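Here is the structure we will look at.
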Amino acid sequence: MERLVQELTTHLGEILAELGLAGLPWQRMLSPAREVGQGDVALPCFPFAKITGKAPDLIAAEIAAALEARKSGDGDLAACLDSATALGGYLNLRAATAWMAKSATDKQSIGHLPSSGTKVLIEHTSANPNGPFHVGRARNAIIGDTLVRLNRLAGNEVRAEYYVDDMGKQVGILAWAMNNLTPEKVDEVLQAAGRESNTPADAPAGALADTPADALADTPAGNAVESGDEPSEGGGEANPWVNKPDHQRVRWYQAANILSDEDEAVDVEVGEMVRLSEEGDDEVLERFAAAYQPVLDGMLETLTRLGIEYDTFTRESRFVSDGSVGEVMAKLAASPLHDVAENGAHYLELGGRGITGKSTKFFYQRGDGSSLYATRDVAYHQWKWTQCDRLVNVLGEDHKLQSKQVAIALGEVGQAAPEVVFYSFIKLPEGKMSTRHGRVVYMDDLLEEAKQQAYAVVEKLRRDELDESAMWEIAEAVGRSAVRFNIIKVAPEKGFTFRWEDALAFEAGSAPFIMYSHARACAIGRRLASEGHDVEAFVAAYSHQPADFAAAPSGLVELLRVMETYDEVLAKAVAESRPHLYAKHILALANAYNGFYRDCHVIQGGQVNQMHLAISEAAREMLHAGCEGLGIIPLDSM
RNA sequence: GGGCGUGUAGCAGAGCGUGGAUAAUGCACCGGCCUCCUAAGCCGGGGAUCGCGGGUUCAAAUCCUGCCGCGCCCGCCA
């Protein structure tokens, strides 16, 4: 309701001054009205009581009366302000329905803000390429991708970036496994560790070379998974993803981890490779790349199914190779915080910079002169700043300290810190998800299960009207949309436990609810078209008549209210990187549309109500944009 | 030991930064609505000591303070 406040600013300022209340920060005191029956914006008048010596309710009444009086002499005010009333010490201001309707139907690009010219770089996901994408990692990707989408809606020039950790221990272990283990050995190790109950025999040596994972091709009814079950138990049962490289290679990774726990020699070998990679050894880095690239490709395939894509991939090793890590270390050595440990390792002493705990030292260079992950991160950030105006990272809560240290180090080399969105982990009832321990719910399984359950619903509802492929298409769209929405709707800092039941919720408060409202809006257009009407022409011909809104039903008023505040919510969600605010608002929009649909029929007795149609179409566009912003697929029919 | 986060109906969860009126919403529960643009919908109902104790204020879920529970972190790992 920022537009309303803007319209009222001058008037309210003058009226308050007349009452002896000049210069007070009343704009900041405005709040949304308690309930729709009372208005849209409220001004609590309690603080004024002390100053004027009058009762709050009396002051509110005086302001209300003054505003009402001004309406007769000011057409603009009369147009936007439906009423100003006093109640219980509050001044309640209600926007005029016709005024909101005009704004809703006049807009050029509904759901999008004008281009800002701001370049935003959002780094998200950046998961180690050591195994299939699981639900725990998904929160990062879904938050990140939603921010990317919202920034685009908000008119920013966005770049989505995936930082590929191509030189650490994780990928080192994978590479070691690929070079030293046979398929038989992997089976043997995993079985011995009780990780797999029987021999999967799913990955013959040849298959590893370069499997064109086509396992994701649409799988019709056949492999339905029973609801309530946990389809992924880490192996054993017939695994539908046997041909997907990330699912194949994670077994090598897991086996190597078990071996390295048992045998120190393995650890030493891996350590040596990791050391060489950190020195920028091309041969080792190539070996690493050969090991992880198929895994990364498999992960990206899963992400694509979720509607998540990246503009650029940047490899960590790049910053070692191009010398920028060396430069960072040299600059940090000049920092007043710099010091050297006994064995020649370099660090910054951050005790005076708000870092507390067992250690306040931030090591950025080992005794042997090599760099650490965080050092490379500093170089990476330095480079990222050359690419954008605004820098956003999405990181797990376990990176908080690290991120703070990097921010301080960046300051020492004269760079600004990035904005970071931290999120809590998605846990399983039995504990934190871990690829290494095979304690995970794979996204591939979740998406498949979501599709199956969505199919069951569509099949029940519409088997008479739709053919198989249409129903499967809807099921796929509903499945991925629901999975995304159920994760994004929760504030990032809240930790939550993964439950199949919640992840697959399809009712009100979920993505299908939003999709359904959109589909209903589309159905109206289809109906009109089938009766020979030209919807666009109708909308274009619509002419706004304030009098038409004199007796607007609540469903219409409520829809217009939600539409009125869309832009401010989008702007806020983007400015503060809080995507769940937007998700909640789109939910409210869908809900409001359903109320409008109930109260305002577009087709009445064979006649088209142009006003209703114009508003319905505007809402449809906004719902469409909302889906776009949330990565929900806006089906025309479901 | 220290730091950060979190605790809101049976469950999930918004609101907390910028203190305001009867604490959203969904699931589950109870009751109603398909001769009318898609009932994955709509309408109505019951259910909350906002973790616990102090404090500030005309006013506290919101701010301060002390406890308690849960999570994450405090590597010359990534």
Side-chain angles (χ1 to χ4, degrees), chain A residues 25 28-29 31 33-35 38 42-47 49-50 56 87-90 92 128 165 167-172 274 316 341 343-347 354-361 363-368 370 372-374 376-377 396-402 404 422 424-425 427 432 454 457-458 460-462 465 478 482 486 489-491 493-497 499 501-502 505-517 519-528 555 576 580-581 584 587-588 591 594-595 597-605 608 612-613 616 637-638:
Chain A
R28 279 183 25 214
M29 291 159 53
S31 58
R34 181 167 56 104
E35 57 188 60
Q38 292 168 343
L43 179 67
C45 296
F46 306 98
K50 212 175 251 178
L87 181 69
Y90 290 82
N92 288 313
N128 278 318
D165 191 350
M167 55 185 300
K169 194 171 172 185
Q170 312 250 352
V171 75
V274 170
E316 187 179 347
N343 70 343
H346 293 239
Y347 64 90
I355 302 290
T356 57
K358 288 173 187 160
S359 169
T360 56
K361 293 178 173 55
F363 282 92
Y364 66 86
Q365 185 175 345
R366 291 199 185 90
D368 66 7
S370 64
L372 285 111
Y373 174 82
R376 287 167 236 141
D377 209 21
E397 59 181 340
D398 55 338
H399 281 68
K400 277 188 181 177
L401 175 60
Q402 166 104 184
K404 204 168 169 184
F422 292 105
S424 290
F425 293 119
K427 297 174 290 285
K432 191 176 161 184
V457 177
V458 198
K460 188 172 144 208
L461 262 28
R462 306 197 64 195
E465 314 158 61
V478 166
N486 288 330
K489 72 177 179 186
V490 181
E493 66 274 14
K494 306 269 186 178
F496 73 85
T497 301
R499 291 194 182 83
E501 182 193 345
D502 299 337
F506 292 160
E507 299 95 348
S510 71
F513 176 82
I514 295 166
M515 298 166 78
Y516 187 70
S517 295
R520 275 179 148 179
C522 291
I524 293 172
R526 259 200 312 281
R527 173 69 172 269
L528 290 174
E576 303 177 7
H580 74 284
L581 297 179
K584 296 276 175 193
L587 214 44
N591 190 34
N594 287 336
Y597 186 89
R598 173 197 69 223
D599 288 347
C600 302
H601 283 212
V602 171
I603 303 160
Q604 296 166 309
V608 177
H612 291 170
L613 178 62
S616 177
S637 166
M638 64 183 280

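The model shown is predicted, which means the values in this text are computed figures rather than measured ones.
- Atom CD in E507(A) sits about 16 Å away from atom P in G13(B), given to the nearest Å.
- A505(A) comes within 4.0 angstrom of nothing in the nucleic acid, heavy atoms only.
- Atom CD in Q402(A) sits roughly 12 Å away from atom P in C73(B) (whole-Å rounding).
- Proximity of R366(A) to the phosphate of C77(B): a side-chain N or O atom is located under 4.0 Å from OP1 or OP2.
- Pairing for C70(B) is with G5(B), a Watson-Crick or G-U wobble pair whose two hydrogen-bonding atom distances lie under 3.5 Å.
- For K494(A) and A14(B), the shortest distance from a side-chain N or O to OP1 or OP2 is below 4.0 Å.
- Across all strands shown, G19(B) remains unpaired; no Watson-Crick or G-U wobble contact has both distances below 3.5 Å.
- If you take atom C1' in A23(B) and the same atom in C64(B), they sit 22 Å apart, rounded to whole Å.
- Here U6(B) presents its C1' atom at 16 Å from CZ of F422(A), a figure rounded to the nearest Å.
- Comparing the P positions of G13(B) and G71(B) gives an interatomic distance of 16 Å, to the nearest angstrom.
- As rounded to the nearest Å, C29(B) and G75(B) have P atoms that lie 50 Å from one another.
- Residue N92(A) is classed as a base contact, given a heavy-atom separation below 4.0 Å to a base.
- For G19(B) and A61(B), the C1' atoms lie 10 Å apart once the distance is rounded to whole Å.
- Between K169(A) atom NZ and C76(B) atom C1' there is a gap of 13 Å when expressed in whole angstrom units.
- Comparing the same atom, P, in U57(B) and in G41(B) gives a spacing of 49 Å after rounding to whole Å.
- C63(B) and U18(B) have their C1' atoms separated by 11 Å, given to the nearest Å.
- What separates CG of L43(A) from P of G19(B) is a distance of 14 Å, to the nearest Å.
- Distance CD (E493(A)) to P (C4(B)): 16 Å, rounded to an integer number of Å.
- Of all nucleotides listed (A78(B), C37(B), G75(B)), A78(B) comes nearest to the side chain of Y373(A).
- Across the protein-nucleic acid pair, F506(A) atom CZ and G41(B) atom P stand 12 Å apart, rounded to whole Å.
- Pair assignment for C42(B): G32(B), on the basis of Watson-Crick or G-U wobble contacts that are both within less than 3.5 Å.
- Comparing C74(B) with U56(B), their P atoms are spaced 40 Å from each other, to the whole Å.
- G13(B) is unpaired under the Watson-Crick or G-U wobble criterion, no partner having all donor-acceptor distances under 3.5 Å.
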